[in-house]
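Only this structure's heavy atoms are used, side chains among them; waters, hydrogens and symmetry mates stay out. Throughout, a chain's letter reflects where its sequence line sits, starting with A, and its residues are numbered from 1.
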Amino acid sequence: MRFYKISDLFSMEDGSEVSIRGWIHRKFQVGKKIFIRVRDSSGVIQCVIEEGVVGKEKFNEFEGAKRESSVVVSGKLRTDERAPGGKEMYVSEGKVVGFADDFPIKGYEGVEFLLDNRHLWLRSTYLTNVMKVKHTALKLLREFHTQEGWWEVTPPIITSSAVEGGATLFKVDYFGEPAYLSQSAQFYLEVLIYSLEKVFALTPSFRAEKSRTRRHLSEYYHFEIEGAWMDMEELMKFTERTVEYVVQNLIDERQKELEDLGRDIESLKRVKAPFERITYTKAIEFLKQNGVNIEWGNDYGADEEAMLTKLFDRPFFVTHFPKTIKPFYMKVDENDERVVKGFDLLAPEGYGEIIGGSQREDSYDVLLKRIVEQGYDPKDYYWYLDLRKYGSVPHSGYGLGIERLVMWVAGLEHIRDAIPFPRFRERSKP
RNA sequence: GCCGGGGUAGCUCAGCGGGUAGAGCGCCGGGCUGUUAACCCGGUGGUCGGAGGUUCGAGCCCUCCCCCCGGCGCCA
């Protein structure tokens, strides 16, 4: 038997005999007539079952099938304005494959209940739409970098030390020795540019902070790139082209899902390179003019970042931060020793930082000095320092938070919905 | 880690001058030949987050603890 995708049925002729399989999304019974809305991965269609047509036994079988029961049904398609989407199937035969117990999610539950029942909530059209958007975003990132001559590589997740200090690491028992879950693949990518020149990786990253915001996860997908011979300017140009490519093609390929999610497509259409740029110094001036009590040299917080996002109606760069608030690997600007050649890319509409990048320090002596300056032990970074001793080159790279990108593009209120099984706070179930 | 809010029926919540618990929805049974979170009739429903304490008596007052939500910090 050939099974059709439900989404394909809506473009077929009335009278077509088709079979589908899926799950009962909604069900209504009126006397001797049962309406079931059958869902598969592509869509939902209403099916009408009448006792006079399928027989009493089959009718009773479907009568006993609750929401989320899995079914196979066959029948004729016909147009009916009373059906959602304007088409329905008039069932001639079918069977219940797996009967469902009473499904706990009815549609008015709170956050905690839904998170405890995430394994069931993932069947919702809302989360399904988000997952489809995410898939396409990942596909587009890979597609673009491959087209542009980049190599995908697979850095380790288990590491022996912090890439940068500060952020809390998850500790694991590695054959009796302490090891940590990676919070960035950057240093490993820096190794690989000496052979592949331009590399990217998609890996989970882990942060053990007990963050309490709608923008943080303990486990998230990190898209990182590193390019040999690239300076900060080249990297920023490449970054904005990447974001433009992903967003513009998403509008095209996932239009229906974005609309279902209630996303304002017009604001996404404005995501065209080049993006505006503002230096950290100018950002601080702006904040001061708007009554924020902040001094040059301090990092701005979430409230301040939100103020900045209102300056532009598309993503924009903040550049040249004081070196005191940025990690040692960022290259100090030769025109102004107080700042580094690093940038953040902030998404508009209050979404904030989605990418952080920089040109890397390529001088052995300067890097060593900065490691010591920031209180780290150079021995822990022996292999990272080594890279500067064997044909060092200018190079740059960035890290993009996949779930933050999805959250912004899909217009989500919370980052947890950009990942099927969110890990945050102490939550690790389901 | 800090600040704020909250944990009462399967779910969403009400109850608080202390007198030992209520609604809606769900669920179960019945009815209905066009439903869109269907509708109508009947039924079912609770260690009031945990442990101590005050009191004749605690969901309600006190102490400690646990869990959840939102904001900050940290960052992608």
Side-chain angles (χ1 to χ4, degrees), chain A residues 25-37 44-53 59 63-64 66-67 78 80-86 88 90 101-117 163-169 182-186 202-225 298-306 321 325-327 343-347 351-358 397-408 413-416 418-419 424-427 429:
Chain A
H25 187 237
R26 291 285 131 79
K27 183 185 161 191
F28 310 94
Q29 184 170 356
V30 185
K32 296 296 174 197
K33 202 173 255 188
I34 299 170
F35 298 90
I36 54 172
R37 308 258 171 86
V44 180
I45 190 167
Q46 173 161 289
C47 303
V48 188
I49 302 166
E50 287 188 34
E51 187 179 303
V53 176
F59 190 83
E63 195 171 30
K66 298 180 188 176
R67 275 182 54 196
R78 66 185 187 194
D80 193 313
E81 61 182 17
R82 294 169 294 188
E88 65 183 13
Y90 194 65
D101 284 356
D102 183 41
F103 201 66
I105 298 170
K106 316 287 183 192
Y108 45 72
E109 291 74 14
V111 175
E112 186 181 359
F113 184 83
L114 289 172
L115 284 172
D116 286 340
N117 289 284
V163 160
E164 43 186 298
T168 325
L169 294 154
S182 170
Q183 50 184 340
S184 170
Q186 181 195 322
L202 177 66
T203 52
S205 274
F206 303 87
R207 304 277 159 106
E209 289 104 344
K210 292 182 178 176
S211 295
R212 289 221 56 104
T213 80
R214 61 182 69 188
R215 312 181 46 235
H216 292 264
L217 290 166
S218 302
E219 178 186 70
Y220 65 98
Y221 277 76
H222 210 167
F223 185 85
E224 293 172 279
I225 75 168
N298 296 126
D299 211 347
Y300 52 79
D303 293 343
E304 291 77 39
E305 189 184 277
F321 297 91
I325 58 171
K326 289 293 178 186
F343 64 84
D344 284 349
L345 182 74
L346 307 195
Y351 281 97
E353 184 176 357
I354 54 173
I355 292 176
S358 67
Y398 72 65
L400 179 161
I402 292 292
E403 286 76 16
R404 286 199 179 167
L405 174 73
V406 171
M407 183 185 175
W408 162 52
E413 280 179 13
H414 200 117
I415 198 167
R416 64 182 163 229
I419 191 164
F424 64 110
R425 318 281 171 74
E426 291 84 18
R427 185 175 283 277
K429 281 188 283 191

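A:V53 pairs by the side-chain contact (heavy atoms from CB on, under 4.5 Å) definition with A:E50, A:Y90, not counting sequence neighbours. In this view, A:E353 satisfies the side-chain hydrogen bond (donor to acceptor under 3.5 Å, both in side chains) rule with no residue, not counting sequence neighbours. The side-chain hydrogen bond (donor to acceptor under 3.5 Å, both in side chains) search around A:N298 returns none, not counting sequence neighbours. Under the rule for a side-chain hydrogen bond (donor to acceptor under 3.5 Å, both in side chains), A:E112 has no partner lying at least two apart in sequence or in another chain. With sequence neighbours left out, A:Q46 forms a side-chain contact (heavy atoms from CB on, under 4.5 Å) with A:F35, A:R37, A:A83, A:P84, A:E88. For the side-chain contact (heavy atoms from CB on, under 4.5 Å) test, residues two or more places apart in sequence or in another chain that qualify with A:K326 are A:F321, A:M330, A:V340, A:D344. By the ring-ring contact (aromatic ring centres under 6.0 Å, His included) test, A:Y221 pairs with no residue at all, sequence neighbours left out. Partners of A:R67 under the side-chain contact (heavy atoms from CB on, under 4.5 Å) rule, at least two apart in sequence or in another chain, are A:R26, A:F103. For A:E109, there are no side-chain hydrogen bond (donor to acceptor under 3.5 Å, both in side chains) partners, not counting sequence neighbours.
Pairing analysis of RNA chain B (Watson-Crick: purine N1 to pyrimidine N3 plus N6-O4 or O6-N4; G-U wobble: N1-O2 and O6-N3; both under 3.5 Å) yields stems of 3 or more pairs at B:1-7 with B:66-72, B:10-13 with B:22-25, B:26-31 with B:39-44, B:49-53 with B:61-65.
One can find a donor-acceptor pair under 3.5 Å joining the base of B:G34 and the side-chain atoms of A:R78. Judged by atom type and distance alone, A:E413 does not reach the base of B:G70 through any side-chain donor-acceptor pair under 3.5 Å.
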Would you give a per-nucleotide map of nucleotides 41-49 of chain B, 5' to 3', where B means the base has a protein non-hydrogen atom under 4.0 Å away, S means only the sugar-phosphate does, and - means neither? ---------

Where along nucleotides 3-15 of chain B does protein come under 4.0 Å, by heavy atom, of base (B) or sugar-phosphate alone (S), with - for untouched nucleotides? -------BBS---

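The side-chain ring of A:F35 is stacked on the base of B:U35, judged by centre separation under 5.5 angstrom and plane angle under 30 degrees.
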